[in-house]
Amino acid sequence: EPDALKHAVQTIQIINKGESVVRGNVTAKPPQHLVNASSIQTRELLNSTSVRKKDGLHKVMNLDVTIKPRDTDAPGQFGWAAEVPLDDLEESKRRWSEGYFNVFLSDRIPVDRAIPDTRPQECMQNLVHDELPTTSVIFCFVDEVWSTLLRSVHSVLNRSPPHLLKEILLVDDCSTKDYLKEKLDAYMAQYPKVRIIRLKERHGLIRARLAGAAEAKGDVLTFLDSHIECNVGWLEPLLDRVHIDRRKVACPVIEVINDKDMSYVMVDNFQRGIFKWPLVFGWSTLSTDYIRKNNIKVSDPLRCPVMAGGLFSIDRKYFYELGAYDPGLDVWGGENMEISFKIWMCGGEIEIIPCSRVGHIFRGENPYAFPKDRQKTVERNLARVAEVWLDEHKEIFYGHGYLHLLDKNLIDIGNLTEQIQLRKKLQCKSFKWYVENVYPELEAPLAKAEGLVFNVGTRKCLVQEKGSLSFGICDLSKQSQHFSYSWVRTLRQNNTCVSAQVAERGVALEACDNTKPHLRWLHKSNKILAEHLIAETHFQHLCLEAGSEGDIVSLKPCDGSSPYQKWHFTHYFAQ
Ligand code: LR7
Ligand code: MN
């Protein structure tokens with residue numbers, strides 16, 4: 001389409017690290033990610049009618065007022081490592097816990113330092129649309145270090161095209177530090193685009209983000225942590241993706257600001273956000289094989305099963321159509337899983353955009369207090385997410401160290417009615433769909449073991465017939481012999497579970513209920529132990545035993561050598 005590309009045929013000056021380099025005539029070519037049919041990233045894109053081919057395209061502005069920094073000798077300038085003078089070592093150690101990074105150095109590094117432009121070379125050729133939506137940048141913070149907060153804000157002001165930056169909202173989540181009050185007001189008064197929102201009580205980062213979003217006027221919400229540095233050209237590629245399709249949620253590559261020497265460190269390419277059980281976020285590099293087969297370039301957007309959480313751009317109206325965040329999530333944690341599942345399962349996409357890069361200070365500890373116990377807060381958040389989004393897979397989550405969350409006497413995860421209704425209203429797809437289509441690499445067998453339950457002593461298999469349990473000649477074709485050993489450690493056939501009858505030294509069958517301890521069995525070293533008795537010292541450990549005469553299954557004191565207490569499932573997915 002010659003018209004659409006007219007704008008792109010031009011002589012372009014690429015300003016690179018203080019030098020002007022005339023790269024000559026750049027032939028008009030739409031960015032590869034818009035045309036490369038062999039790339040799976042873009043297959044949907046080509047089908048999508050929302051690619052506005054008629055719009056003009058231009059190069060990223062590479063705007064960076066810090067390209068020629070004022071003070072080239074300042075510590076940390078250009079993103080280099082800064083060093084603590086010997087005399088100040090004590091002080092720098094003492095101040096570490098103010099932010100759980102080198103606060104002393106942060107205070108000495110210019111708040112508008114230059115950092116290396118770490119974008120892949122290809123990004124220089126990428127085009128973005130002329131008409132991009134505006135964005136509100138939202139920083140939530142609680143007791144953030146002064147110089148770090150300022151550096152975050154300046155990096156946005158200095159490296160974002162002014163016409164795209166509607167405003168910067170600083171949401172103060174009830175900080176206790178004095179410098180974050182009048183002093184911050186006075187400082188930010190110099191910058192008309194910056195607005196401070198003060199929360200009267202501690203909201204936690206999730207509800208603080210919601211409070212910020214409610215005030216935002218931009219077309220797109222861009223959330224950032226309050227200890228980051230946006231790199232050159234970071235904003236346009238994010239907004240471009242949202243512009244192409246408002247259901248795309250765009251994340252920058254998150255680079256590392258070293259917590260000890262404050263250097264800006266580039267990260268490896270081709271990294272996606274993933275999770276492992278029990279919903280633990282992590283990074284995973286695409287295999288070279290996959291990259292080659294799909295012809296993926298370093299600058300291509302990567303589909304991302306889950307986002308890290310803190311840094312992303314989302315169409316403001318779309319954010320609300322999705323029901324924003326579950327407001328029942330407290331303080332910190334789990335919201336990245338929640339929004340990721342919601343986006344994918346309800347029709348959207350999450351992408352990492354390699355041409356957009358933002359540094360973040362990774363800290364070993366949270367430098368703020370949790371109103372309640374940290375671990376309990378995070379666990380509770382995760383349980384909410386699991387209950388609403390994971391369907392039958394939630395058992396895998398509970399089975400990885402979180403069985404205690406099923407005990408309603410120990411923990412109250414709060415009301416989920418609205419979240420469940422929302423999922424229905426949005427007609428979101430199942431978690432099974434998500435695993436198959438978005439994250440097929442996830443290991444997610446629905447049980448730990450399944451098939452026939454073979455008894456070594458009798459050489460027979462467990463049978464469930466007419467509501468009672470016995471055993472008989474093993475026969476794979478009989479459904480009555482198919483059991484599974486679930487992640488929550490029930491011994492189950494469909495919705496019927498084997499229960500321990502301690503008084504009778506026997507077993508019974510009852511409707512499965514994951515919250516009931518007497519339905520749990522510990523299956524290890526071929527034994528099957530009644531789990532709820534293990535903690536009770538006045539009981540001997542009781543094991544499932546096949547009677548040597550008659551087809552009776554009973555509970556007997558565990559005996560390490562009895563073959564009648566040895567059981568195998570046909571198939572084990574996990575131990
Ligand atoms: O009660 C709070 N109120 C807040 O306003 C707690 C925190 N906050 C602010 C805080 O000041 C900070 O600006 O919220 C922001 C995030 O808190 P961090 O920096 O303590 O979080 P994190 O960087 O350790 O954790 C990651 O996971 C979190 C899970 O809830 C959030 O999603 C963070 O935004 C997220 N950070 C990133 O994604 C950056 C990359 C980290 C990785 C991987
Ligand atoms: Mn952070």
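Each ligand, and each atom within it, is numbered from 1 in the order the structure gives. Model, not experiment: these values are computed from the prediction.
- At least one heavy atom of R363 sits less than 4.0 Å from an atom of ligand 1.
- The side chain to side chain contact (heavy atoms under 4.5 Å, CB included) with L238 is formed by just one residue from the set V249, L311, T135, I353; it is I353.
- On a distance-only criterion, F281 and ligand 1 share no N/O pair closer than 3.5 Å.
- Between H400 and Y398, the ring centre distance reaches or exceeds 6.0 Å.
- For the pair R108 and F104, the cation-pi criterion (under 6.0 Å, within 45° of the ring axis) is fulfilled.
- When only interatomic distances are considered, the shortest N/O to N/O separation between E144 and ligand 1 does not fall below 3.5 Å.
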Go through it in stages, so that I can follow the logic: the residues are C304 and C251, the test is disulfide bond (SG atoms under 2.5 Å apart), and I'd like the CA-CA distance, side-chain angles, deciding distance and then a yes or no. CA-CA 9 Å; C304 182; C251 306; 5.8 Å; no
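- No donor-acceptor distance shorter than 3.5 angstrom exists from the side chain of K217 to the backbone of E167, with no hydrogens or angles considered.
- In the vicinity of D173, heavy-atom distances shorter than 4.0 Å reach the ligand 1 atoms 1 (O), 2 (C), 3 (N), 4 (C), 5 (O).
- Residue contacts with ligand 1: E335 is placed with a nitrogen or oxygen under 3.5 Å of a nitrogen or oxygen of the ligand (distance criterion only).
- The shortest N or O to N or O distance between G333 and ligand 1 is below 3.5 Å.
- Assignment of V142 to the shell around ligand 1 is supported, since a heavy atom sits closer than 4.0 Å.
- For M307, the closest heavy-atom approach to ligand 1 does not fall below 4.0 Å.
- For ligand 1, none of its N or O atoms has an N or O atom of P367 under 3.5 Å away.
- Around the Mn ion (ligand 2), protein N, O or S atoms at less than 2.8 Å comprise D225 OD2, H227 NE2, H360 NE2.
- Between atom 42 (C) of ligand 1 and the options W332, Y368, F362, F312, the minimum heavy-atom separation is to F362.
- Annotation: S226 places an N or O atom under 3.5 Å from an N or O atom of ligand 1; distance criterion only.
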